[in-house]
Amino acid sequence: MLSTDIHKNIMSTMDKTLLTASLFEGFWDRWIVHGVSYHDLAKLRHSIIAKERWFKTWGELAEEKYTMAESIKKVGFVEQAESVYRIAALYYQLNQWLIPEHGGEKLDWLMKSLLVVKKADQLSDIKTEYVELLIDENSYYGRVRIPNNPEGVIIIINPIDSTKEELFSYEMDFVEKNYVVVSFDGPGQGETFTRHGLKATRLRWERFVDMMIEYASNTFPAHDIFLFGTSSGAAWAIYGSGNEKVSKAVAVSPAFRNEEIQMPDYFMERLFAVSDETIIPDYPQIKLQKPVLLVHGKKDVMVKDEDIYGLFENLPSGKILLEYEDEGHCCNYKLPEIRTKAIEWFQGKWGMKDEF
């Protein structure tokens, strides 16, 4: 049972999250580019300022999408059904995401999402394996998408408050270009946190990234390994670029430890719920070895231009800096283009003449 003080803090964090969601358009950018319908959001955004309303709204919408997918599947439109199942799962994800603490209601919503994800996976032409890695006696949960004739392996490193299932559009873009996709919930993320309460520390994240690369290398020894990360995941993609088994890494809006940047209260409280310390790697201590494609939005209020430029100067040969004048953190609305450019860069078809 939670203490009264902890319970009050959790409620305060959820209330702040809901208020931000109601008032600020930019809050929803991430969810829109990952599949939330503008139509659904437009009907509901200003009415979901209480957690009960939030849970009811997204839960009912998830059930509606699930029923739609079942109907579409029955009449033989398998590809469309798979897509709608994934949206249903994303809506369940919105409910688990709101809750800061592990277990309990958060786990209930997550399990609903995972069941629907597996329904979608069963309809896909792409083979899916569900993997559990044991690292220092802790379980880490992952999914691996394997096309018929893979050309390489892409490890997706997710931002700290995202789950591996949320970023299904990344998976689809990569597997459709014949790349194996490896995606795990790390410390403080998704199943790994929600099932067992495993919080993030810098040491755990170092071990996690190292072991993901080791797993990919051992499982797919004939293929090159590439990394793709956004935000805190981008920071860890840069860390992973120091591994000799990695060929190239893409880092979109990598996070920095910068006390001058004021993060929203709800975000900092959510971060505290899943981590025991600052979890951004120490860039000067990374043994940078492999080329990095660094992506930056010039309107990013979370990552300063000078931090990006300072990092870029220290990256090894083969580096590229790709900037977008009108994008903010994670360059949300350019992500499909960025993923396309990333694949072309992995294949050596883009980037050499664009080197900074």
Side-chain angles (χ1 to χ4, degrees), residues 29-36 79 82-83 86-87 90 117 120 124-126 128 142-147 149-159 162-184 212 216 220 223-238 240-241 246-255 290-298 300 303 308 318-352 354-355:
D29 289 349
R30 153 199 178 171
W31 297 104
I32 289 168
V33 299
H34 290 161
V36 168
E79 186 175 339
E82 178 192 348
S83 178
R86 296 200 189 281
I87 300 300
L90 181 66
V117 167
S124 176
D125 292 335
I126 307 298
T128 304
R143 51 190 281 110
V144 182
R145 311 295 307 281
I146 309 172
N149 299 296
E151 297 185 10
V153 179
I154 297 176
I155 299 174
I156 298 175
I157 308 181
N158 304 315
S162 293
T163 67
K164 59 190 182 300
E165 292 80 20
E166 180 188 335
L167 277 61
F168 63 84
S169 60
Y170 296 34
E171 282 186 2
M172 295 309 299
D173 279 356
F174 294 147
V175 297
E176 286 175 0
K177 296 296 184 180
N178 293 318
Y179 284 85
V180 174
V181 175
V182 175
S183 182
F184 276 80
M212 272 201 302
F220 306 100
H223 297 294
D224 289 337
I225 296 171
F226 306 101
L227 308 180
F228 187 98
T230 56
S231 193
S232 59
W236 287 105
I238 292 169
S241 74
V246 169
S247 294
K248 292 179 177 179
V250 176
V252 183
S253 303
K290 300 301 175 64
V292 175
L293 169 56
L294 189 61
V295 186
H296 176 52
K298 294 286 285 179
D300 192 338
V303 179
I308 287 289
K319 62 189 175 182
I320 298 173
L321 177 61
L322 177 61
E323 294 188 285
Y324 290 97
E325 289 292 333
D326 296 323
E327 287 293 314
H329 193 60
C330 291
C331 300
N332 282 304
Y333 292 100
K334 291 293 184 179
L335 280 171
E337 176 182 310
I338 291 166
R339 293 194 293 269
T340 297
K341 286 183 178 293
I343 292 166
E344 292 174 351
W345 184 59
F346 294 156
Q347 295 172 338
K349 298 177 180 177
W350 173 82
M352 295 303 294
D354 299 284
E355 186 166 329

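Numbers here simply count residues along the sequence, with the first being 1. The shown structure was predicted, so the numbers you read here are calculated from the model rather than taken from an experiment.
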(Q) Please evaluate residues Lys341 and Val295 with respect to the criterion side-chain contact (heavy atoms from CB on, under 4.5 Å), reporting the C-alpha separation (whole Å), side-chain torsions for both, the decisive distance (0.1 Å), and the verdict. (A) CA-CA 11 Å; Lys341 286 183 178 293; Val295 186; over 6 Å; no

Q. Hey, are the side chains of Thr230 and Leu335 touching, using non-hydrogen atoms and a 4.5 Å cut-off?
A. yes

**Q.** Any Lys248 side-chain heavy atom under 4.5 Å of Lys290 side chain
**A.** no

Q) So, do Val252 and Phe228 sit near enough that their side-chain heavy atoms are less than 4.5 Å apart? A) yes

Q: Report, as yes or no, whether the 6.0 Å neighbourhood of atom CG on Asn178 holds more than 12 heavy atoms from other residues, nucleotides or ligands.
A: yes

Q: I would like to know whether Glu171 and Arg145 meet salt bridge (charged side-chain N to carboxylate O under 4.0 Å, His left out); could you show each step before the answer?
A: CA-CA 8 Å; Glu171 282 186 2; Arg145 311 295 307 281; 2.8 Å; yes

Q: First locate atom CG of Asp300, then atom CD of Glu323, and finally report the distance between them rounded to the nearest 0.5 Å.
A: 11.0 Å

Q. Which atom pair, heavy atoms only, marks the closest approach of Ser169 to Arg339?
A. OG-NH2, 3.7 Å

**Q.** Rounded distance (nearest 0.5 Å) linking atom CD of Glu176 with atom CD1 of Ile126
**A.** 7.5 Å

Q: Kindly indicate whether the side chain of Arg30, heavy atoms from C-beta on, has any atom under 4.5 Å from the side chain of Cys330.
A: no

(Q) If I take atom CG from residue Leu294 and atom CD1 from residue Ile238, how far apart are they, to the nearest 0.5 angstrom? (A) 5.5 Å

Q) What closest approach, in Å, do Val246 and Ser241 show between heavy atoms, and which atom pair accounts for it? A) CG1-CA, 4.4 Å

Q: Identify the heavy atoms of Ala237 and Ala249 that sit nearest to each other, and give their distance.
A: O-CB, 3.7 Å

(Q) Counting C-beta onward and ignoring hydrogens, is there a side-chain heavy-atom pair between Val182 and Ile225 closer than 4.5 Å? (A) no

(Q) I'd like to know if the side chain of Glu325 and the backbone of Lys298 have a donor-acceptor N/O pair within less than 3.5 Å. (A) no

Q. Do Tyr324 and Glu337 pass the side-chain contact (heavy atoms from CB on, under 4.5 Å) test, and can you show the C-alpha distance, the side-chain angles, and the key distance before you say yes or no?
A. CA-CA 11 Å; Tyr324 290 97; Glu337 176 182 310; 2.7 Å; yes

Q: Output all residues satisfying side chain to side chain donor-acceptor pair (under 3.5 Å) with Glu165, sequence neighbours left out; order by chain, then residue number.
A: none

Q. Tell me, do Trp350 and Thr340 make a side-chain contact under 4.5 Å, heavy atoms counted?
A. no

Q.
Using every non-hydrogen atom in the two residues, find where Ser253 and Cys331 come nearest and quote the distance to one decimal.
A. OG-N, 4.1 Å

Q) Where is the tightest heavy-atom contact between Phe346 and Leu227, given as atom of each residue plus distance? A) CZ-O, 4.0 Å

Q.
How long is the straight-line distance from OH of Tyr170 back to OG of Ser162, given to the nearest 0.5 Å?
A. 7.5 Å

Q | Pairwise side-chain contact, Pro147 with Asp125, heavy-atom cut-off 4.5 Å (strictly under) | A | no

Q) Taking side chain as C-beta onward, heavy atoms only, is Val250 less than 4.5 Å from Phe226? A) no

Q: Please lay out, stage by stage, how Leu90 and Glu166 fare under the test side-chain contact (heavy atoms from CB on, under 4.5 Å).
A: CA-CA 6 Å; Leu90 181 66; Glu166 180 188 335; 3.9 Å; yes

Q. What heavy-atom pair brings Leu293 and Trp345 nearest, and what distance separates the two atoms?
A. N-CH2, 3.3 Å

**Q.** Atom pair NE2 (His34) and CG (Leu167), whose distance is rounded to the nearest 0.5 Å
**A.** 4.0 Å

Q: For Gln347 and Tyr179, run side-chain contact (heavy atoms from CB on, under 4.5 Å): C-alpha distance rounded to whole Å, both residues' side-chain angles, the deciding distance at 0.1 Å, then the answer.
A: CA-CA 11 Å; Gln347 295 172 338; Tyr179 284 85; 3.1 Å; yes

Q) Which value, rounded to the nearest 0.5 Å, describes the distance between Ser83 atom OG and Met172 atom CE? A) 8.5 Å

**Q.** salt bridge (charged side-chain N to carboxylate O under 4.0 Å, His left out) against Lys164, all qualifying residues, sequence neighbours excluded
**A.** Asp185, Glu191

